[in-house]
Structure formats: structure tokens, C-alpha cells
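The structure under discussion appears below in the form of C-alpha cells.
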Amino acid sequence: MPIQEITPETEVVGLRSTRLTADEAALISRVFPCAARAALIELRLMLNDDSQTYRTSGKGLIAYDWVALKDAVRYRLGSRNAERLQVLYDAVVCPVALSLAHLSIPMRGGPIVLAS
């Protein structure tokens, strides 16, 4: 079987040990305002769902089929939230880190911060 070349347009791969920084948490807070925080929680659930075809894992890595993930987010959460995911991707926020980070996500206001 030929090896498929992994490109940013097709697959996003990250280590399970990848962590968010405080700056990335601040960016997530700006990209997902209070009205979109419920969608952020749902997005994190989607990123962690092992049963989805867009997510594969093994050997300490998690990989996402980027096109399929964006399509799933667009279908389930709407095009605006798919755009928000793309903004995070363009800012080099790793989806693996987003899915695994312990975040404090206030629903009524205030910034999203890393939970201690």
C-alpha cells in the first residue's frame, strides 16, 4: 500500500502531550465569545470522540482528517463555528491541545483560562 503524503490540507497530527499556552487560551476566548461558548464545548466533545471517522489515534498521536472535521463541524455547529475553528487553525492552535486542555470556560462572561 502506498504511503499517503500528509499535508496540512488533509490531516492534522498532534502528540497527546501537546499543551495549550495561556496566549492560545486568550485567543480561544476572543474567537469564541460568550454566545459561542456552548459551541466550543460541543467542538471539544467532537474532537475527543474516538468513534468519528475524522479522528484516528495511536502510538501517542492523534490525527484529524481536516476536511472531514471541518465538514462535521459545519454540519453540526454551523458555518460560523467552522470559521472559528479555521481561525484557530490559522493561528497554529493545535486541535489536539484544544481537545485535551483543562479549560475554565465561563458561560456568562470573562475570559477562557487554563484550569489549574
Side-chain angles (χ1 to χ4, degrees):
M1 175 181 281
I3 298 174
Q4 178 185 1
E5 183 179 339
I6 297 174
T7 63
E9 293 81 27
T10 60
E11 193 166 47
V12 178
V13 179
L15 296 171
R16 286 186 187 273
S17 60
T18 304
R19 299 288 180 245
L20 281 180
T21 65
D23 290 338
E24 290 170 332
L27 174 65
I28 293 166
S29 189
R30 287 191 303 274
V31 171
F32 284 89
C34 291
R37 302 273 169 94
L40 173 61
I41 293 169
E42 187 65 28
L43 171 63
R44 287 170 42 94
L45 291 172
M46 291 175 70
L47 290 170
N48 279 312
D49 190 351
D50 287 330
S51 67
Q52 296 299 323
T53 57
Y54 53 76
R55 184 184 192 274
T56 56
S57 61
K59 297 183 182 178
L61 297 173
I62 299 174
Y64 298 100
D65 177 335
W66 186 245
V67 174
L69 174 61
K70 284 194 330 187
D71 288 343
V73 170
R74 186 174 291 111
Y75 175 76
R76 191 164 174 181
L77 301 176
S79 61
R80 182 65 186 116
N81 289 304
E83 291 170 9
R84 288 182 173 113
L85 178 62
Q86 184 66 49
V87 168
L88 294 179
Y89 177 77
D90 292 343
V92 195
V93 175
C94 179
V96 175
L98 176 61
S99 69
L100 299 176
H102 296 283
L103 296 175
S104 174
I105 304 174
M107 301 301 282
R108 291 186 165 214
I112 295 171
V113 295
L114 296 170
S116 36

Worksheet entry | Verdict with supporting geometry, Cys94 and Glu24, side-chain contact (heavy atoms from CB on, under 4.5 Å) | CA-CA 9 Å; Cys94 179; Glu24 290 170 332; over 6 Å; no
Are [X] and [Y] close enough that some pair of their side-chain heavy atoms sits under 4.5 Å apart?
| X | Y | answer |
| --- | --- | --- |
| Gln86 | Trp66 | yes |
| Phe32 | Ile105 | no |
| Leu98 | Leu40 | yes |
| Val93 | Val31 | no |
| Leu100 | Asn48 | yes |

Fill in: Separation between OG of Ser99 and CZ of Arg16, rounded to the nearest 0.5 Å
9.0 Å
For the residue pair [X] and [Y], what are the closest heavy atoms and their distance?
| X | Y | result |
| --- | --- | --- |
| Ala97 | Arg19 | CB-C, 3.9 Å |
| Ala22 | Leu114 | N-CD1, 3.9 Å |
| Pro106 | Gly110 | CG-O, 3.4 Å |
| Ala91 | Leu27 | CB-CD2, 3.4 Å |

Is a donor on one side and an acceptor on the other found under 3.5 Å between the side chain of [X] and the backbone of [Y]?
| X | Y | result |
| --- | --- | --- |
| Tyr54 | Met46 | yes |
| Arg44 | Ala101 | yes |
| Arg55 | Leu47 | yes |
| Arg37 | Met107 | no |

Worksheet item: With Leu85, which of Asp90, Leu69, Leu77 fulfils side-chain contact (heavy atoms from CB on, under 4.5 Å)?
Response: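 Answer after filtering Asp90, Leu69, Leu77: Leu69.
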Worksheet entry | Linked, directly or transitively: Leu103 and Val113 (ILVMFWY side chains, under 4.5 Å) | no
